[in-house]
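These numbers were taken from a predicted model, which means no experiment stands behind them.
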Amino acid sequence: MTYPINAIIFDIDGVLLDSLFIWKELGRRFIVKHGYTPVPDMDEILFSMSMEQGAAWLKDTFSLENSEEEIIQELETRIQTFYFEEVKAKPGAEALLQRINKLGIPVVAATSSPREHVRKALERNHLLPYLKEIYTTSEIGESKYSPKIYLTAAKSLNSSPNGTLVVEDSLYALITARDAGFQTAGIFDPFGEPDQEQLKKKADIYCRSLNELLNYME
């Protein structure tokens with residue numbers, strides 16, 4: 001890392017929460033529940049789609065009688081249940097946040113997921129008290145292809161981009177932060193970024209786990 005770290009912005013899915021796999025398994029879980037056999041590669045096909053696109057694909061591929069609106073509603077209910085009741089923290093998350101807290105470094109989160117979902121999951125996994133705020137792309141009004149969410153978060157912590165570390169598992173989001181002047185840490189997740197070599201190349205530091213990132217917090 002080039003400059004002293006005055007603040008840290010964490011992504012949530014795939015970084016603090018072990019939640020990415022649900023987005024790949026969601027369609028398959030839906031289909032199996034309704035008595036159908038998943039088709040080859042459907043997890044990968046659906047992973048790149050929006051909820052609306054995925055519902056249309058499921059309806060067409062399996063000739064479902066459900067309307068697209070009904071499919072979306074059931075998928076959203078399944079996601080909510082997952083975040084509210086099932087999702088676990090990534091290994092080392094609480095220990096890392098405890099260390100950062102002891103160092104007196106303020107922490108916020110920046111996510112593309114709904115606030116209600118991640119807040120409930122973070123609270124249930126005892127991580128919420130360590131975060132000063134949660135920023136969501138829907139509330140900011142721009143995706144992580146824009147640096148607005150990171151700039152807003154850093155400003156709230158009275159920190160400049162070059163004094164703020166952004167921790168991400170996605171290459172595109174990490175590049176957005178890097179290009180806006182932030183220091184970056186790339187985190188591996190088995191269900192996350194497929195191009196780990198580029199994530200490692202673009203990040204200031206690259207870690208296979210949060211336990212590894214803990215070593216940098218001294």
Side-chain angles (χ1 to χ4, degrees), residues 9-33 37-55 57-58 61 71-72 74-97 109-122 124-125 127 134 136-138 143-145 149 166-177 184-203 205-214:
I9 302 170
F10 279 94
D11 177 41
I12 295 180
D13 294 298
V15 175
L16 293 179
L17 294 179
D18 190 12
S19 51
L20 286 182
F21 70 90
I22 189 61
W23 297 98
K24 281 198 172 183
E25 295 182 359
L26 187 62
R28 178 156 46 87
R29 290 187 181 195
F30 175 90
I31 286 302
V32 169
K33 181 195 173 186
T37 300
V39 298
D41 300 323
M42 69 175 289
D43 290 353
E44 287 70 25
I45 292 169
L46 288 168
F47 189 62
S48 62
M49 294 183 179
S50 68
M51 190 74 75
E52 292 76 15
Q53 291 170 329
W57 185 89
L58 288 169
T61 302
I71 295 172
I72 290 171
E74 182 172 337
L75 292 175
E76 288 180 340
T77 299
R78 284 175 167 270
I79 290 172
Q80 183 183 73
T81 299
F82 174 75
Y83 277 93
F84 280 27
E85 301 176 7
E86 298 178 37
V87 67
K88 293 180 172 57
K90 290 291 287 288
E94 188 168 8
L96 175 61
L97 291 174
T111 181
S112 299
S113 290
R115 172 182 291 276
E116 182 185 21
H117 292 179
V118 295
R119 183 178 178 83
K120 189 74 172 180
L122 291 167
R124 186 168 48 76
N125 284 284
L127 303 182
I134 298 170
T136 71
T137 53
S138 62
S143 74
K144 287 186 177 180
Y145 281 102
I149 192 168
V166 172
V167 186
E168 283 281 358
D169 67 297
S170 297
L171 178 61
Y172 84 93
L174 185 138
I175 289 175
T176 297
T184 59
I187 299 294
F188 169 77
D189 185 280
F191 294 93
E193 177 59 52
D195 194 346
Q196 289 295 310
E197 285 304 311
Q198 279 299 306
L199 186 67
K200 185 175 183 179
K201 180 179 179 180
K202 298 295 184 182
I205 57 176
Y206 174 81
C207 300
R208 297 287 297 183
S209 69
L210 294 183
N211 289 319
E212 188 176 335
L213 182 59
L214 183 64

Show the nearest heavy-atom pair for residues Ile45 and Pro40, with the distance to one decimal. CD1-O, 4.3 Å

Holding to salt bridge (Lys or Arg N to Asp or Glu O under 4.0 Å), I want the full list of residues that pass it with Arg78, two or more places apart in sequence or in another chain. Glu74

Report the distance from atom CD1 of Ile149 to atom CD1 of Ile9, rounding to the nearest 0.5 Å. 8.5 Å

Can you confirm whether Glu197 is buried at CD, in the sense that more than 12 heavy atoms of other residues, nucleotides or ligands lie under 6.0 Å from that atom? no

Find out whether Val15 and Lys90 are in side-chain contact, i.e. whether some heavy atom of one side chain is under 4.5 Å from a heavy atom of the other. no

So, taking the atom named CD in Glu52 and the one named CG in Leu75, what distance separates them when rounded to the nearest 0.5 Å? 10.5 Å

For the student: nearest non-hydrogen atoms of Ala203 and Gly186, plus distance: CB-N, 3.6 Å

Looking only at atom types and distance, does a side-chain atom of Asp169 sit under 3.5 Å from a main-chain N or O of Gly14, one as donor and one as acceptor? no

Do side-chain atoms of Ser143 reach the backbone of Tyr145 as a donor and acceptor pair under 3.5 angstrom? yes

Side-chain contact test, heavy atoms from C-beta onward, threshold under 4.5 Å: evaluate it for Arg124 versus Val87 and give yes or no. yes

How long is the gap from CG on Leu17 to CD1 on Ile22, to the nearest 0.5 Å? 13.0 Å

Quick one: are Leu174 and Val166 in side-chain contact, heavy atoms under 4.5 Å? no

Where is the tightest heavy-atom contact between Gly27 and Leu46, given as atom of each residue plus distance? CA-CD1, 3.7 Å

Using side-chain heavy atoms (C-beta onward) and a distance below 4.5 Å, is Val32 in contact with Pro38? yes

Any donor-acceptor N/O pair, Glu212 side chain to Cys207 backbone, under 3.5 Å: no

Beyond-backbone contact of Ser113 with Tyr83, side-chain heavy atoms, under 4.5 angstrom: yes

Contacts of type side chain to side chain contact (heavy atoms under 4.5 Å, CB included), residue Gln80, not counting sequence neighbours: Phe84, Glu116, His117

Donor-acceptor pair, distance only, cut-off 3.5 Å: does the side chain of Lys144 make one with the backbone of Ala110? yes

With heavy-atom distances below 4.5 Å as the criterion, would you say the side chains of Met42 and Thr61 are in contact? no

Scanning both residues in full, the closest heavy-atom pair of Thr184 with Lys202 reads OG1-O, 4.0 Å

Separation of Tyr172 OH from Asp195 CG (nearest 0.5 Å): 15.0 Å

Hey, what do you get for CD1 (Ile31) to OG1 (Thr37), rounding to the nearest 0.5 Å? 9.5 Å

Of Thr111, Ile187, Ile134, Leu96, the one forming a side-chain contact (heavy atoms from CB on, under 4.5 Å) with Phe10 is Leu96

Any Val118 side-chain heavy atom under 4.5 Å of Leu16 side chain: no

Mind checking what makes salt bridge (Lys or Arg N to Asp or Glu O under 4.0 Å) contact with Asp13, not counting sequence neighbours? none

When rounded to the nearest 0.5 Å, the distance separating CD of Glu76 from CD1 of Ile71 is 12.0 Å

